[in-house]
There are 2 protein chains.
Amino acid sequence: MVQAAIQSQTRADEAFNCLQTAIVTGDLGPGEKIGEVELCSRFNLTRGPLREALGRLESRGLLVRRPHAGVKVVSVSATELLELYRIREVMEGLAARQAAERMTDEEIRDLRDTLNSHEKMIEEAQGQAYYQAEGDYDFHHRIATGSRNTKLAQMLLGDLYYMVRMYRYRLSTSAGRPHLALGEHRRIVEAIAHRDGELAEFLMKRHINAARRNIEKKIEEGVLTI
Amino acid sequence: MVQAAIQSQTRADEAFNCLQTAIVTGDLGPGEKIGEVELCSRFNLTRGPLREALGRLESRGLLVRRPHAGVKVVSVSATELLELYRIREVMEGLAARQAAERMTDEEIRDLRDTLNSHEKMIEEAQGQAYYQAEGDYDFHHRIATGSRNTKLAQMLLGDLYYMVRMYRYRLSTSAGRPHLALGEHRRIVEAIAHRDGELAEFLMKRHINAARRNIEKKIEEGVLTI
DNA sequence: AGCGTGAGGATTGTCAACAATTCTGCGACT
DNA sequence: AGTCGCAGAATTGTTGACAATCCTCACGCT
């Protein structure tokens, strides 16, 4: 796992992290109804902190709550997943542009290193979709942070990526085009290194657009059922 | 007020709404530290539901929380406010494009009516910045909803607008250029009516860009202090 | 005089019991 | 046979008390 165990400062944080990863990894499937007491015994905490965590997750759109009726994990339809990619297109395009203007040379060097290690992973462990997906996440994560746009990074990292990852684990989205994606990533990094924000935005938008069309195609072919 | 009193289903919802409006209207100023017990007596509720509401608001970025140390209303710096407008530019551009593709004829008619009533307001109550700001909010609200992109609307209405409105109340952002803004709004609506998504996106981006530069100028002039 | 230290107070985090609402299953009626 | 209504049960929402942590202020030390 990329992120080392985040030790939570408080029980509510712990509940929040547990639930979030449970949802993202698919331990709690989309549409699944979950009772509060069940969750408490499962994660060893009481209902107070749990309810606070549920509030946060609801606000982030990872689960839906109906008063007195219970909590369900959100289930995203195929069209909604595609709409999510439309949003990513414009937001990550902006992130790439601002990253090109603001990333430090060191960050760019790290970004290149990241891509090199991704390449090795793809060669060595061909078909290991899991690492590919995580690597892809890592790349986009770095650019979002590099934009130096606090709110933009917050929205991408806190809202969108979790929803997308929730399906990546199941579908391994970028599978089938790892080499293509890597090449696209490389071109984006070069644009950033040349401090060409406009080009970086264009390439990033095209990259995500391609990913969206790839999913769209698979859905039409019936390979992906959501 | 545009939105009639939202009757809350639960105490936590009530707390959430109370706090949100208190922050947006400025009853709770940016950076202000607030104690839980004080809020309880102020809004007549107990700490359980309140803490749930605090969790939601924290997750939305309207307030920051340090464990065991208390809650503060978020304070957005000038540069962060301008960054917010960069995000709005791309997201509302997308919303306008999708609205042009998907709004019903009736919704477009309503949108035109809205603009007409705004025009009357501007003529009659010249300088009433409050109505202008609310009218502007109303316009953008309708387009976000009209995009039929659930997550996009959720992010715009739930995240960005509240942060922007928080400063509108204080600064009456669009003041000084009401007629200009109205003209820009009209052109956007016409593009939507012609189902020209590309043009609608372009015009919306330019509209928000102009608003951003307007704020930028005022900050440079020292008229706006944040 | 300035700085580190410690006790006290205040505030936040957590818990377990109570109240209110909704869901479920059974029975009667159409 | 299907549908409406009702009562019980289960689940959620709320409350107030208890425990843990942090901030403040005074005191002593360097």
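Note that the structure is predicted; figures quoted are calculated from it, not measured. Quick note on labels: first sequence line is chain A, next is B, and so on, each numbered from 1. Atom set for the values below is all heavy atoms of this structure, side chains included, hydrogens, waters and symmetry mates excluded.
- You can see that DNA chain C meets the heavy atoms of chain B within a 4.0 Å-exclusive cut from C/dT12 to C/dT14, reading 5' to 3'.
- Stacking of A/Arg165 on the aromatic ring of A/Tyr137 is recorded, both the 6.0 Å distance cut-off and the 45° axial limit being met.
- Bracketed by its first and final contacts, the part of DNA chain D lying under 4.0 Å from non-hydrogen atoms of chain B reaches from D/dG13 to D/dC23 in 5' to 3' order.
- Note on the helix from C/dA1-D/dT30 to C/dT30-D/dA1: angle between the axes of the first and last five pairs equals 30°, rounded to 10 degrees.
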(request) Assess whether salt bridge (Lys or Arg N to Asp or Glu O under 4.0 Å) is satisfied between A/Glu14 and A/Arg11, documenting all intermediate values. (result) CA-CA 5 Å; A/Glu14 196 182 320; A/Arg11 303 288 274 171; 3.5 Å; yes
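- Remark: A/Phe43 pairs with no residue by the ring pair (Phe, Tyr, Trp, His ring centres under 6.0 Å) rule, at least two apart or across chains.
- The stretch residues 58-69 of chain B comes close to DNA chain C through B/Arg65, B/Pro67, B/His68, each having a heavy atom under 4.0 Å from the strand.
- Residue contacts shown for B/Gly35 are limited to sugar-phosphate atoms, with no base heavy atom under 4.0 Å away.
- Each of A/Arg148, A/Arg102, A/Arg112, A/Arg142 was checked for a salt bridge (charged side-chain N to carboxylate O under 4.0 Å, His left out) with A/Glu107, and the lone residue meeting it is A/Arg148.
- Counting only residues at least two apart or on different chains, the side-chain hydrogen bond (donor to acceptor under 3.5 Å, both in side chains) pairs with a member in residues 63-72 of chain A are A/Arg65-B/Glu52.
- The aromatic rings of A/His140 and A/Tyr161 sit perpendicular to each other, their planes meeting at more than 60°, with 30° as the lower class boundary.
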(request) Take A/Arg60 and B/Asp159 through the test salt bridge (Lys or Arg N to Asp or Glu O under 4.0 Å) and record every step on the way to the result. (result) CA-CA 10 Å; A/Arg60 293 210 174 175; B/Asp159 278 311; over 6 Å; no
(message) Show, in sequence, the C-alpha distance, side-chain angles and deciding distance for A/Asp27 and A/Thr21, and conclude whether the side chain to side chain contact (heavy atoms under 4.5 Å, CB included) test is met.
(response) CA-CA 8 Å; A/Asp27 279 2; A/Thr21 58; over 6 Å; no
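- Contact check on B/Glu89 versus B/Arg212 returns a salt bridge, with a Lys/Arg side-chain nitrogen under 4.0 Å from an Asp/Glu carboxylate oxygen.
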(request) Take A/Asp13 and A/Arg56 through the salt bridge (Lys or Arg N to Asp or Glu O under 4.0 Å) test and state the conclusion after the steps. (result) CA-CA 10 Å; A/Asp13 289 338; A/Arg56 285 201 242 174; 2.7 Å; yes
(request) Report the C-alpha separation of A/Lys151 and B/Glu80 in whole Å, then their side-chain angles, then the decisive distance to 0.1 Å, and conclude whether the salt bridge (Lys or Arg N to Asp or Glu O under 4.0 Å) test is met. (result) CA-CA 8 Å; A/Lys151 188 73 185 175; B/Glu80 282 172 326; over 6 Å; no
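- Closest of all the heavy-atom pairs between B/Val73 and B/Leu63 is CA-CB, 4.1 Å.
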